[in-house]
Amino acid sequence: MRFYRTSSNYKKRNIRDAEKREYERNISDLEKAKREYMILTESQQAEINNLIAEKAEEIERLTKEKNEYVRERKSYLKETLANAEIVKTLERHAKKDFKSMSVSEVNQLKALFADYEPLSRWEHKLSSNDYQVCLLVKLGFGPSELSILTGLSASNISNIRKRLLMKMTGKDGSTKDFDRYIRSL
């Protein structure tokens, strides 16, 4: 009987030893997998950080290019507009002749801005008087000159500018706020 117990103990001990070896092997495999996971994670994180840095540099470069383009475009537009014959005619009307724009001159003014998307997209959304006010403000005409060129009263011009600021930006503000907004386009 003693032999049976010893044999049984021996088998149990062998089973426990086998379980212990299996457990240690599993722990070893788990630690190996953890190390591999950490290496992969660090590698992927490094790649992600590199991509983020590259994209940040690209965004910065493109932002600088865009700003330069906008600056050049505004400068070109300002020179082109200032030298346009219709602008010189309108300046003469506002400062010397004190007469309103003719239909032909209004059409020339609109044609001058036909390719200037920030304002031309509003042409069909605004009344003719409202659109003319926008264009004239963009060209730098003041309130009294707007009144002369459009044939509208100064108070009407003021009301139009306030209303247009709300319509175009969704913000309430002064006539000067409207002028700044239009000139910034």
Side-chain angles (χ1 to χ4, degrees), residues 45 47-185:
Q45 190 60 46
E47 287 179 31
I48 290 170
N49 289 341
N50 286 339
L51 284 173
I52 289 171
E54 287 174 13
K55 294 302 175 185
E57 287 175 11
E58 186 175 359
I59 288 169
E60 186 177 331
R61 180 184 58 79
L62 291 173
T63 301
K64 285 179 182 177
E65 285 179 18
K66 177 194 156 243
N67 291 340
E68 181 62 29
Y69 173 78
V70 167
R71 209 172 10 261
E72 288 174 4
R73 173 87 170 133
K74 283 184 178 181
S75 174
Y76 170 77
L77 182 66
K78 189 174 182 178
E79 289 175 20
T80 302
L81 294 176
N83 294 327
E85 192 59 40
I86 184 64
V87 175
K88 292 176 183 176
T89 301
L90 295 178
E91 286 173 347
R92 188 174 53 255
H93 286 340
K95 294 176 183 175
K96 292 181 183 177
D97 303 338
F98 303 105
K99 71 178 204 177
S100 298
M101 295 184 290
S102 68
V103 172
S104 171
E105 290 166 340
V106 169
N107 290 333
Q108 289 176 34
L109 178 63
K110 288 179 180 180
L112 183 64
F113 283 93
D115 294 330
Y116 188 64
E117 197 273 328
L119 285 177
S120 64
R121 65 187 168 107
W122 287 96
E123 182 174 8
H124 300 293
K125 297 176 185 176
L126 302 174
S127 72
S128 181
N129 284 340
D130 290 354
Y131 188 59
Q132 289 173 34
V133 168
C134 289
L135 300 181
L136 293 170
V137 168
K138 178 66 177 175
L139 291 172
F141 289 100
S144 62
E145 296 166 328
L146 293 172
S147 181
I148 292 167
L149 291 171
T150 60
L152 301 171
S153 70
S155 63
N156 199 356
I157 293 292
S158 179
N159 291 336
I160 287 171
R161 289 161 54 215
K162 283 183 179 181
R163 189 174 29 79
L164 282 173
L165 180 65
M166 177 58 83
K167 188 171 191 173
M168 295 175 84
T169 67
K171 297 176 184 173
D172 193 22
S174 70
T175 57
K176 290 183 180 188
D177 293 332
F178 171 75
D179 293 352
R180 276 191 295 273
Y181 170 71
I182 290 296
R183 290 179 180 146
S184 73
L185 295 177

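Every value quoted in this text rests on a predicted model; they were computed, and no experiment measured them. By convention here, the first residue in the shown sequence is residue 1.
Side chains of Ser104 and Ser102: a donor-acceptor N/O pair is absent below 3.5 angstrom, by distance only.
Applying the side chain to side chain donor-acceptor pair (under 3.5 Å) rule to Arg92 yields no partners; only residues at least two apart in sequence or on another chain are considered. When the side-chain contact (heavy atoms from CB on, under 4.5 Å) test is applied to Leu51, the partners found at least two apart in sequence or on another chain are Glu54. Asp97 pairs by the side chain to side chain donor-acceptor pair (under 3.5 Å) definition with His93, not counting sequence neighbours. Remark: Thr169 pairs with no residue by the side chain to side chain donor-acceptor pair (under 3.5 Å) rule, at least two apart or across chains. Applying the salt bridge (charged side-chain N to carboxylate O under 4.0 Å, His left out) test to Lys64 and every residue at least two apart in sequence or in another chain returns Glu60.
Atom NZ of Lys66 sits in a sparse spot, with 12 or fewer heavy atoms from other residues, nucleotides or ligands closer than 6.0 Å. Within 6.0 Å of atom CG in Asp172, 12 or fewer heavy atoms from other residues, nucleotides or ligands are found, so the atom counts as exposed in its surroundings.
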query = Given Glu57 and Arg61, is the salt bridge (charged side-chain N to carboxylate O under 4.0 Å, His left out) satisfied, shown in steps?
reply = CA-CA 6 Å; Glu57 287 175 11; Arg61 180 184 58 79; over 6 Å; no
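With contacts defined as side-chain heavy-atom distances shorter than 4.5 Å, the pair Ser120/Tyr131 qualifies.
Ion pairing of Lys88 with Glu85 is absent here, as no side-chain N (NZ or NE/NH1/NH2) approaches a carboxylate O to less than 4.0 Å.
For residues 146-164, every residue pair satisfying the salt bridge (charged side-chain N to carboxylate O under 4.0 Å, His left out) rule, not counting sequence neighbours, is listed here: Asp130-Arg163, Arg161-Asp179.
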